[in-house]
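Below: the structure, in C-alpha coordinates.
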Amino acid sequence: MGRLVMKFGGTSVANIDRIRNVARHVKREVDAGHDVAVVVSAMAGKTNELVDWCRDASPMHDAREYDAVVASGEQVTSGLLAIALQGIGIQARSWQGWQIPIKTSDAHASARILEIDGTEIVNRFADRKEVAVIAGFQGINPQTNRITTLGRGGSDTSAVAIAAAIRADRCDIYTDVDGVYTTDPRVVPKARRLDKIAFEDMLELASLGAKVLQVRSVELGMVHNMPVFVRSSFDKPEDIDPHGTPPGTLICSEEEIMESHVVTGIAFSKDEAQISLRQIEDKPGVAAAIFGPLADANINVDMIVQNVSEDGKTTDLTFTVPASDYNRARDTITASKGKIGYIRLDSATDVSKVSVIGSGMRSHAGVAAKAFKALSERNINIRAITTSEIKFSVLIDAAYTELAVRTLHTLYGLDQT
Ligand code: ADP
Ligand code: ASP
Ligand code: MG
(Lines give C-alpha, C1' and ligand atoms only; values in the text may rest on other atoms or scores of the structure.)
(Ligands and ions follow the chains in the order given, each with its own letter.)
Protein backbone atom coordinates (compact mmCIF):
# COMPACT_ATOMS: atom_id res chain seq x y z
CA MET A 1 0.00 0.00 0.00
CA GLY A 2 1.23 3.46 -0.85
CA ARG A 3 0.30 7.08 -0.63
CA LEU A 4 -0.41 8.94 -3.86
CA VAL A 5 -1.16 12.43 -5.05
CA MET A 6 -3.12 12.48 -8.33
CA LYS A 7 -3.39 15.86 -10.08
CA PHE A 8 -5.84 16.48 -12.93
CA GLY A 9 -5.52 19.52 -15.21
CA GLY A 10 -8.20 21.60 -16.93
CA THR A 11 -8.91 19.37 -19.94
CA SER A 12 -9.09 16.34 -17.65
CA VAL A 13 -11.98 17.95 -15.72
CA ALA A 14 -13.49 19.91 -18.62
CA ASN A 15 -17.08 18.69 -18.07
CA ILE A 16 -19.09 16.33 -15.89
CA ASP A 17 -18.27 13.33 -18.08
CA ARG A 18 -14.56 14.03 -17.78
CA ILE A 19 -14.96 14.46 -14.00
CA ARG A 20 -16.64 11.05 -13.84
CA ASN A 21 -13.69 9.66 -15.79
CA VAL A 22 -11.33 11.19 -13.21
CA ALA A 23 -13.38 9.62 -10.41
CA ARG A 24 -12.83 6.20 -12.02
CA HIS A 25 -9.06 6.82 -12.18
CA VAL A 26 -9.14 7.65 -8.48
CA LYS A 27 -11.28 4.59 -7.67
CA ARG A 28 -8.75 2.35 -9.40
CA GLU A 29 -5.98 3.54 -7.07
CA VAL A 30 -8.19 3.42 -3.96
CA ASP A 31 -9.26 -0.13 -4.83
CA ALA A 32 -5.59 -1.04 -5.19
CA GLY A 33 -5.19 -0.04 -1.54
CA HIS A 34 -3.59 3.38 -1.88
CA ASP A 35 -4.28 6.46 0.22
CA VAL A 36 -5.11 9.18 -2.26
CA ALA A 37 -5.10 12.98 -2.25
CA VAL A 38 -6.39 14.46 -5.50
CA VAL A 39 -5.55 17.96 -6.71
CA VAL A 40 -7.79 19.49 -9.38
CA SER A 41 -7.58 22.46 -11.74
CA ALA A 42 -10.52 24.52 -12.94
CA MET A 43 -12.46 23.25 -15.97
CA ALA A 44 -10.62 23.97 -19.24
CA GLY A 45 -10.99 27.63 -20.24
CA LYS A 46 -12.59 28.62 -16.92
CA THR A 47 -9.57 30.45 -15.49
CA ASN A 48 -9.13 32.39 -18.74
CA GLU A 49 -12.76 33.43 -18.54
CA LEU A 50 -12.40 34.55 -14.92
CA VAL A 51 -9.22 36.49 -15.75
CA ASP A 52 -11.04 38.21 -18.64
CA TRP A 53 -13.92 39.15 -16.36
CA CYS A 54 -11.49 40.86 -13.96
CA ARG A 55 -9.92 42.77 -16.86
CA ASP A 56 -13.34 43.75 -18.15
CA ALA A 57 -14.40 44.99 -14.72
CA SER A 58 -11.28 47.15 -14.55
CA PRO A 59 -7.94 46.89 -16.36
CA MET A 60 -6.14 48.12 -13.20
CA HIS A 61 -7.89 45.76 -10.75
CA ASP A 62 -6.91 44.95 -7.17
CA ALA A 63 -4.79 41.76 -7.22
CA ARG A 64 -6.42 40.56 -3.97
CA GLU A 65 -9.84 40.64 -5.58
CA TYR A 66 -8.45 39.06 -8.76
CA ASP A 67 -7.38 36.11 -6.59
CA ALA A 68 -10.81 35.92 -4.94
CA VAL A 69 -12.31 35.63 -8.42
CA VAL A 70 -9.88 33.30 -10.21
CA ALA A 71 -9.59 30.85 -7.29
CA SER A 72 -13.29 30.04 -7.70
CA GLY A 73 -12.76 27.76 -10.72
CA GLU A 74 -10.98 25.17 -8.60
CA GLN A 75 -13.61 25.38 -5.85
CA VAL A 76 -16.21 24.17 -8.34
CA THR A 77 -14.20 21.20 -9.66
CA SER A 78 -13.11 20.04 -6.20
CA GLY A 79 -16.73 19.90 -5.05
CA LEU A 80 -17.90 18.21 -8.24
CA LEU A 81 -15.22 15.54 -8.06
CA ALA A 82 -16.03 14.81 -4.41
CA ILE A 83 -19.69 14.38 -5.44
CA ALA A 84 -18.72 12.10 -8.36
CA LEU A 85 -16.51 9.98 -6.08
CA GLN A 86 -19.23 9.64 -3.47
CA GLY A 87 -21.56 8.62 -6.29
CA ILE A 88 -19.39 5.57 -7.04
CA GLY A 89 -19.04 4.61 -3.42
CA ILE A 90 -15.75 6.30 -2.54
CA GLN A 91 -15.57 8.29 0.69
CA ALA A 92 -14.34 11.75 -0.30
CA ARG A 93 -14.44 15.42 0.72
CA SER A 94 -13.31 18.63 -0.91
CA TRP A 95 -10.73 20.98 0.60
CA GLN A 96 -10.16 24.61 -0.32
CA GLY A 97 -6.70 26.10 0.14
CA TRP A 98 -7.76 28.01 3.29
CA GLN A 99 -9.27 24.92 4.89
CA ILE A 100 -6.12 22.79 4.89
CA PRO A 101 -4.53 25.45 5.17
CA ILE A 102 -2.07 25.96 2.32
CA LYS A 103 -0.20 29.00 3.63
CA THR A 104 1.38 31.25 1.03
CA SER A 105 3.15 34.58 0.68
CA ASP A 106 1.00 37.64 0.01
CA ALA A 107 2.25 38.05 -3.58
CA HIS A 108 -1.25 37.94 -5.04
CA ALA A 109 -1.54 36.22 -8.44
CA SER A 110 1.95 34.72 -8.05
CA ALA A 111 2.07 33.62 -4.42
CA ARG A 112 4.59 31.08 -3.14
CA ILE A 113 3.65 28.23 -0.84
CA LEU A 114 5.23 28.65 2.60
CA GLU A 115 3.76 25.79 4.59
CA ILE A 116 1.13 23.07 4.37
CA ASP A 117 -0.26 21.19 7.32
CA GLY A 118 -1.11 17.74 5.99
CA THR A 119 -1.99 16.20 9.39
CA GLU A 120 -5.76 16.19 9.05
CA ILE A 121 -5.61 14.71 5.55
CA VAL A 122 -3.33 11.92 6.73
CA ASN A 123 -5.46 11.27 9.82
CA ARG A 124 -8.51 10.87 7.63
CA PHE A 125 -6.69 8.32 5.46
CA ALA A 126 -6.18 6.24 8.59
CA ASP A 127 -9.53 6.84 10.28
CA ARG A 128 -11.98 6.78 7.39
CA LYS A 129 -10.16 5.85 4.18
CA GLU A 130 -11.27 9.26 2.94
CA VAL A 131 -9.98 10.67 -0.34
CA ALA A 132 -8.98 14.33 -0.06
CA VAL A 133 -10.04 16.35 -3.11
CA ILE A 134 -8.01 19.54 -2.99
CA ALA A 135 -8.60 22.71 -5.00
CA GLY A 136 -5.32 23.43 -6.79
CA PHE A 137 -3.85 26.84 -7.62
CA GLN A 138 -5.02 28.51 -4.38
CA GLY A 139 -3.88 29.17 -0.85
CA ILE A 140 -4.25 31.69 1.93
CA ASN A 141 -1.93 34.33 3.32
CA PRO A 142 -1.83 33.80 7.10
CA GLN A 143 -1.24 37.48 7.93
CA THR A 144 -4.09 38.92 5.89
CA ASN A 145 -6.35 35.84 5.84
CA ARG A 146 -6.96 36.48 2.15
CA ILE A 147 -7.17 33.96 -0.68
CA THR A 148 -4.09 33.83 -2.90
CA THR A 149 -3.30 32.09 -6.19
CA LEU A 150 -0.02 30.61 -7.33
CA GLY A 151 0.28 31.92 -10.90
CA ARG A 152 -1.01 30.30 -14.10
CA GLY A 153 -0.49 26.55 -14.17
CA GLY A 154 -0.18 26.62 -10.37
CA SER A 155 -2.14 23.45 -9.67
CA ASP A 156 0.99 21.47 -10.59
CA THR A 157 2.76 23.26 -7.76
CA SER A 158 -0.13 22.63 -5.35
CA ALA A 159 0.12 18.92 -6.20
CA VAL A 160 3.86 18.55 -5.61
CA ALA A 161 3.68 20.64 -2.43
CA ILE A 162 0.83 18.48 -1.07
CA ALA A 163 2.78 15.35 -2.00
CA ALA A 164 5.75 16.61 0.03
CA ALA A 165 3.51 17.64 2.95
CA ILE A 166 1.80 14.25 3.27
CA ARG A 167 5.01 12.37 2.39
CA ALA A 168 3.49 10.71 -0.64
CA ASP A 169 5.39 8.01 -2.49
CA ARG A 170 4.74 9.69 -5.82
CA CYS A 171 2.95 12.62 -7.40
CA ASP A 172 1.08 11.72 -10.60
CA ILE A 173 0.29 14.61 -12.94
CA TYR A 174 -2.56 13.55 -15.24
CA THR A 175 -2.90 15.76 -18.30
CA ASP A 176 -3.93 15.73 -21.97
CA VAL A 177 -0.63 14.26 -23.23
CA ASP A 178 0.87 10.99 -22.07
CA GLY A 179 4.15 12.40 -20.79
CA VAL A 180 6.90 14.92 -21.36
CA TYR A 181 8.10 14.97 -24.94
CA THR A 182 11.31 16.19 -26.55
CA THR A 183 9.27 19.24 -27.57
CA ASP A 184 5.59 20.19 -27.65
CA PRO A 185 3.99 17.20 -29.46
CA ARG A 186 1.23 19.47 -30.73
CA VAL A 187 3.77 21.46 -32.71
CA VAL A 188 6.17 18.72 -33.72
CA PRO A 189 4.36 15.44 -34.43
CA LYS A 190 7.74 13.70 -34.54
CA ALA A 191 8.44 14.60 -30.90
CA ARG A 192 9.40 11.62 -28.77
CA ARG A 193 8.11 10.81 -25.30
CA LEU A 194 10.84 10.65 -22.68
CA ASP A 195 10.66 7.75 -20.21
CA LYS A 196 12.64 9.75 -17.68
CA ILE A 197 13.91 13.29 -17.44
CA ALA A 198 16.16 14.84 -14.79
CA PHE A 199 14.70 17.57 -12.58
CA GLU A 200 17.34 19.99 -13.87
CA ASP A 201 16.45 19.47 -17.54
CA MET A 202 12.74 19.63 -16.77
CA LEU A 203 13.28 22.87 -14.87
CA GLU A 204 14.89 24.44 -17.94
CA LEU A 205 12.24 23.05 -20.31
CA ALA A 206 9.46 24.44 -18.11
CA SER A 207 11.04 27.83 -17.53
CA LEU A 208 11.79 28.24 -21.23
CA GLY A 209 8.22 27.68 -22.34
CA ALA A 210 7.09 24.02 -22.12
CA LYS A 211 3.91 24.54 -20.16
CA VAL A 212 3.36 20.88 -19.32
CA LEU A 213 4.53 21.61 -15.74
CA GLN A 214 4.69 24.89 -13.83
CA VAL A 215 8.34 25.76 -13.11
CA ARG A 216 7.81 26.01 -9.37
CA SER A 217 6.40 22.47 -9.22
CA VAL A 218 9.64 21.13 -10.70
CA GLU A 219 11.70 23.13 -8.21
CA LEU A 220 9.67 21.69 -5.34
CA GLY A 221 10.01 18.17 -6.75
CA MET A 222 13.78 18.66 -6.88
CA VAL A 223 14.03 20.12 -3.35
CA HIS A 224 11.95 17.32 -1.81
CA ASN A 225 13.24 14.64 -4.17
CA MET A 226 9.61 13.78 -4.90
CA PRO A 227 9.18 11.53 -7.97
CA VAL A 228 6.76 13.28 -10.33
CA PHE A 229 5.11 11.16 -13.02
CA VAL A 230 3.42 12.88 -15.99
CA ARG A 231 0.73 10.73 -17.63
CA SER A 232 -2.53 10.91 -19.54
CA SER A 233 -6.02 11.08 -18.04
CA PHE A 234 -7.33 10.06 -21.47
CA ASP A 235 -6.20 6.44 -21.06
CA LYS A 236 -9.23 4.40 -20.01
CA PRO A 237 -9.16 4.03 -16.22
CA GLU A 238 -10.21 0.37 -16.39
CA ASP A 239 -7.41 -0.54 -18.82
CA ILE A 240 -4.66 0.50 -16.44
CA ASP A 241 -3.01 -1.94 -14.07
CA PRO A 242 -2.44 0.03 -10.85
CA HIS A 243 0.62 -2.10 -10.14
CA GLY A 244 2.05 -1.90 -13.67
CA THR A 245 4.05 0.82 -15.43
CA PRO A 246 1.75 2.95 -17.56
CA PRO A 247 3.00 5.16 -20.38
CA GLY A 248 4.35 8.41 -19.00
CA THR A 249 7.44 10.32 -17.99
CA LEU A 250 9.16 10.12 -14.62
CA ILE A 251 10.87 13.30 -13.49
CA CYS A 252 13.62 12.22 -11.16
CA SER A 253 17.19 12.89 -10.06
CA GLU A 254 19.94 12.72 -12.67
CA GLU A 255 21.54 9.63 -11.10
CA GLU A 256 18.46 7.56 -11.90
CA ILE A 257 18.86 8.18 -15.61
CA MET A 258 21.12 5.65 -17.28
CA GLU A 259 21.00 6.75 -20.86
CA SER A 260 21.66 10.42 -21.46
CA HIS A 261 21.72 12.46 -24.64
CA VAL A 262 23.54 15.70 -25.22
CA VAL A 263 20.26 17.43 -26.04
CA THR A 264 17.17 16.47 -24.04
CA GLY A 265 14.58 18.73 -25.57
CA ILE A 266 13.55 21.97 -27.21
CA ALA A 267 11.28 24.64 -25.76
CA PHE A 268 9.90 27.81 -27.24
CA SER A 269 8.09 30.88 -26.05
CA LYS A 270 6.19 33.43 -28.07
CA ASP A 271 5.67 35.51 -24.99
CA GLU A 272 8.68 37.74 -25.68
CA ALA A 273 9.23 41.36 -26.62
CA GLN A 274 12.47 42.98 -27.75
CA ILE A 275 13.59 46.52 -26.97
CA SER A 276 16.69 48.04 -28.60
CA LEU A 277 18.22 51.32 -27.50
CA ARG A 278 20.26 52.95 -30.26
CA GLN A 279 23.34 55.05 -29.70
CA ILE A 280 23.47 54.97 -25.94
CA GLU A 281 26.63 56.45 -24.48
CA ASP A 282 29.33 53.83 -23.94
CA LYS A 283 30.27 54.74 -20.37
CA PRO A 284 29.99 53.27 -16.86
CA GLY A 285 26.57 53.54 -15.25
CA VAL A 286 24.44 53.36 -18.38
CA ALA A 287 23.41 49.71 -17.88
CA ALA A 288 22.44 50.55 -14.30
CA ALA A 289 20.37 53.51 -15.54
CA ILE A 290 18.47 51.13 -17.86
CA PHE A 291 18.03 48.02 -15.76
CA GLY A 292 17.65 49.68 -12.34
CA PRO A 293 14.26 51.27 -13.12
CA LEU A 294 13.10 48.06 -14.85
CA ALA A 295 13.96 46.04 -11.74
CA ASP A 296 12.18 48.62 -9.55
CA ALA A 297 9.11 48.17 -11.74
CA ASN A 298 9.34 44.38 -11.15
CA ILE A 299 10.00 43.67 -14.83
CA ASN A 300 12.08 40.58 -15.53
CA VAL A 301 14.72 41.22 -18.17
CA ASP A 302 15.82 38.06 -19.94
CA MET A 303 18.28 38.31 -22.83
CA ILE A 304 20.72 41.23 -22.96
CA VAL A 305 23.02 41.99 -25.89
CA GLN A 306 25.31 45.01 -26.00
CA ASN A 307 27.40 45.72 -29.06
CA VAL A 308 31.05 46.63 -28.74
CA SER A 309 31.26 50.30 -29.51
CA GLU A 310 33.02 51.16 -32.76
CA ASP A 311 33.91 54.75 -32.01
CA GLY A 312 34.30 54.36 -28.24
CA LYS A 313 31.47 56.82 -27.70
CA THR A 314 28.11 55.22 -28.45
CA THR A 315 26.74 51.72 -28.76
CA ASP A 316 23.46 49.78 -29.14
CA LEU A 317 21.85 47.67 -26.43
CA THR A 318 19.10 45.09 -26.93
CA PHE A 319 17.13 43.23 -24.28
CA THR A 320 13.96 41.17 -23.98
CA VAL A 321 11.07 41.27 -21.50
CA PRO A 322 7.89 39.18 -21.21
CA ALA A 323 5.36 40.38 -23.81
CA SER A 324 2.88 41.09 -21.01
CA ASP A 325 5.33 43.62 -19.53
CA TYR A 326 6.25 45.23 -22.84
CA ASN A 327 4.17 48.41 -22.50
CA ARG A 328 5.32 49.01 -18.94
CA ALA A 329 8.94 48.37 -19.91
CA ARG A 330 8.80 50.82 -22.79
CA ASP A 331 7.17 53.48 -20.59
CA THR A 332 9.74 52.91 -17.86
CA ILE A 333 12.63 53.37 -20.31
CA THR A 334 11.05 56.40 -21.96
CA ALA A 335 10.61 58.00 -18.54
CA SER A 336 14.36 57.56 -17.89
CA LYS A 337 15.43 58.73 -21.34
CA GLY A 338 17.20 61.81 -19.93
CA LYS A 339 19.31 59.73 -17.55
CA ILE A 340 20.11 56.95 -20.05
CA GLY A 341 20.75 59.22 -23.02
CA TYR A 342 19.81 57.10 -26.05
CA ILE A 343 18.93 58.48 -29.47
CA ARG A 344 16.23 56.02 -30.55
CA LEU A 345 14.13 53.19 -29.08
CA ASP A 346 13.23 50.34 -31.46
CA SER A 347 11.03 47.48 -30.41
CA ALA A 348 9.47 44.26 -31.69
CA THR A 349 6.73 42.14 -30.18
CA ASP A 350 6.51 39.55 -32.96
CA VAL A 351 9.57 37.68 -31.71
CA SER A 352 9.98 34.31 -30.06
CA LYS A 353 12.65 32.51 -28.10
CA VAL A 354 13.67 28.99 -29.05
CA SER A 355 15.79 27.10 -26.53
CA VAL A 356 17.80 23.89 -26.70
CA ILE A 357 18.22 22.09 -23.38
CA GLY A 358 20.43 19.25 -22.23
CA SER A 359 22.56 18.60 -19.17
CA GLY A 360 24.84 16.66 -21.55
CA MET A 361 25.95 20.03 -23.00
CA ARG A 362 28.20 20.50 -19.98
CA SER A 363 30.67 18.05 -21.41
CA HIS A 364 30.20 18.70 -25.14
CA ALA A 365 31.56 21.59 -27.16
CA GLY A 366 30.09 23.00 -30.36
CA VAL A 367 26.46 22.09 -29.65
CA ALA A 368 25.21 25.64 -30.18
CA ALA A 369 27.42 26.31 -33.20
CA LYS A 370 25.66 23.49 -35.07
CA ALA A 371 22.32 25.19 -34.46
CA PHE A 372 23.44 28.56 -35.75
CA LYS A 373 24.55 26.94 -39.01
CA ALA A 374 21.31 24.98 -39.42
CA LEU A 375 19.17 28.06 -38.76
CA SER A 376 21.14 30.17 -41.21
CA GLU A 377 20.66 27.48 -43.88
CA ARG A 378 16.91 28.00 -43.36
CA ASN A 379 17.38 31.75 -43.65
CA ILE A 380 16.29 32.28 -40.07
CA ASN A 381 17.84 35.42 -38.67
CA ILE A 382 19.02 35.33 -35.06
CA ARG A 383 18.34 38.57 -33.19
CA ALA A 384 19.95 37.64 -29.88
CA ILE A 385 21.58 34.62 -28.23
CA THR A 386 22.05 33.57 -24.61
CA THR A 387 23.82 30.51 -23.31
CA SER A 388 24.31 28.75 -20.00
CA GLU A 389 25.88 25.46 -18.94
CA ILE A 390 22.95 23.30 -19.96
CA LYS A 391 20.98 25.35 -22.52
CA PHE A 392 21.14 28.03 -25.15
CA SER A 393 18.40 30.26 -26.53
CA VAL A 394 17.98 32.24 -29.73
CA LEU A 395 15.58 35.10 -30.33
CA ILE A 396 14.01 34.99 -33.80
CA ASP A 397 11.03 36.34 -35.72
CA ALA A 398 7.88 34.68 -34.36
CA ALA A 399 6.79 33.58 -37.84
CA TYR A 400 9.75 31.15 -37.95
CA THR A 401 9.17 29.53 -34.55
CA GLU A 402 7.77 26.21 -35.75
CA LEU A 403 10.33 25.92 -38.55
CA ALA A 404 13.18 26.62 -36.13
CA VAL A 405 11.90 24.12 -33.56
CA ARG A 406 11.48 21.39 -36.21
CA THR A 407 14.89 22.11 -37.71
CA LEU A 408 16.65 21.85 -34.36
CA HIS A 409 14.61 18.82 -33.33
CA THR A 410 15.87 16.94 -36.39
CA LEU A 411 19.40 18.34 -36.10
CA TYR A 412 19.91 16.92 -32.60
CA GLY A 413 18.48 13.51 -33.50
CA LEU A 414 15.34 13.89 -31.41
CA ASP A 415 12.83 12.88 -34.12
CA GLN A 416 10.85 9.71 -33.59
CA THR A 417 11.95 7.03 -36.00
P1 ADP B 1 -3.14 20.78 -17.83
O2 ADP B 1 -4.39 21.53 -18.12
O3 ADP B 1 -3.38 19.31 -17.67
O4 ADP B 1 -2.35 21.38 -16.70
P5 ADP B 1 -1.41 22.05 -19.77
O6 ADP B 1 -2.14 22.57 -20.95
O7 ADP B 1 -1.03 23.03 -18.71
O8 ADP B 1 -2.27 20.86 -19.15
O9 ADP B 1 -0.08 21.27 -20.22
C10 ADP B 1 -0.16 20.24 -21.15
C11 ADP B 1 0.24 20.76 -22.52
O12 ADP B 1 1.61 21.12 -22.51
C13 ADP B 1 0.14 19.75 -23.64
O14 ADP B 1 -1.14 19.73 -24.19
C15 ADP B 1 1.21 20.21 -24.63
O16 ADP B 1 0.65 20.85 -25.75
C17 ADP B 1 2.03 21.20 -23.86
N18 ADP B 1 3.49 20.94 -23.94
C19 ADP B 1 4.42 21.88 -24.23
N20 ADP B 1 5.64 21.34 -24.27
C21 ADP B 1 5.50 20.03 -23.97
C22 ADP B 1 6.41 18.93 -23.88
N23 ADP B 1 7.73 19.09 -24.05
N24 ADP B 1 5.91 17.71 -23.58
C25 ADP B 1 4.59 17.54 -23.38
N26 ADP B 1 3.68 18.53 -23.47
C27 ADP B 1 4.11 19.77 -23.77
N1 ASP C 1 -6.59 26.84 -13.39
C2 ASP C 1 -5.30 27.48 -13.26
C3 ASP C 1 -4.81 27.97 -14.62
O4 ASP C 1 -5.48 27.76 -15.61
C5 ASP C 1 -4.30 26.59 -12.60
C6 ASP C 1 -3.95 25.33 -13.35
O7 ASP C 1 -4.68 24.88 -14.24
O8 ASP C 1 -2.91 24.73 -13.02
O9 ASP C 1 -3.77 28.58 -14.67
MG1 MG D 1 -1.07 23.08 -16.64
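Residue indices begin at 1 and follow the sequence shown. Remember, it's a predicted structure, so these values are computed and weren't measured experimentally. All ligand and atom numbering here is 1-based and tracks the order in the structure.
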Taking the six-membered ring of Trp53 as reference, does the cationic atom of Arg55 (NZ for Lys, CZ for Arg) lie under 6.0 Å from its centre and within 45° of its axis?
no
State if Lys46 counts as touching ligand 2 under the rule of any non-hydrogen atom under 4.0 Å.
no
Does Gly154 have a heavy atom less than 4.0 Å from any atom of ligand 2?
yes
Please determine if Lys7 has a nitrogen or oxygen closer than 3.5 Å to a nitrogen or oxygen of ligand 2.
no
Could you name the protein residues that come within less than 4.0 Å of ligand 1, counting only heavy atoms, and order them by chain and residue number?
Lys7, Gly9, Gly10, Thr175, Asp176, Val177, Gly179, Val180, Tyr181, Thr183, Asp184, Pro185, Arg186, Ala210, Lys211, Val212
Specify the protein heavy atom at minimum distance from atom 3 (C) of ligand 2: its residue, its atom name, and the distance to 0.1 Å.
Arg152 NE, 3.3 Å
Look at atom 7 (O) of ligand 2 and say which protein heavy atom is nearest, naming residue and atom and giving the distance to 0.1 Å.
Ser41 OG, 3.1 Å
Output yes when a side-chain donor or acceptor of Gln416 lies under 3.5 Å from a complementary backbone atom of Lys190, and no otherwise.
no
Can you name the atoms of ligand 2, numbered from 1 with element, that are less than 4.0 Å from a heavy atom of Glu74?
1 (N), 2 (C), 5 (C)
Using a 4.5 Å cut-off on heavy atoms from C-beta on, say whether the side chain of Pro227 contacts that of Cys252.
no
Check whether any side-chain heavy atom of Val356 lies under 4.5 Å from a side-chain heavy atom of Thr264, and answer yes or no.
no
In terms of ring plane angle, is the pair Phe319 and Phe291 parallel, tilted or perpendicular, where the classes change at 30° and 60°?
perpendicular
Taking N or O atoms only and a 3.5 Å limit, does Ser155 qualify as a polar contact for ligand 2?
yes
So, regarding Gly153 and ligand 2 (criterion: nitrogen or oxygen to nitrogen or oxygen, under 3.5 Å), is there a contact or not?
yes
Trace of the side chain to side chain donor-acceptor pair (under 3.5 Å) decision for Thr144 with Asn141
CA-CA 6 Å; Thr144 60; Asn141 176 254; 3.0 Å; yes
Check this for me, if you would: do Asp67 and Arg64 make a salt bridge, where the nitrogen-to-carboxylate-oxygen distance has to be below 4.0 angstrom?
no
Compute both the distance and the angle, then confirm whether Arg18 meets the cation-pi test with Phe8: under 6.0 Å from the six-membered ring centre, within 45 degrees of the axis.
no
Evaluate Ile266 against Leu414 for side-chain contact (heavy atoms from CB on, under 4.5 Å), listing each step before the verdict.
CA-CA 9 Å; Ile266 295 170; Leu414 299 175; 4.0 Å; yes
On the 0 to 90° scale, with breaks at 30° and 60°, tag the His25-Tyr174 ring pair as parallel, tilted or perpendicular.
tilted
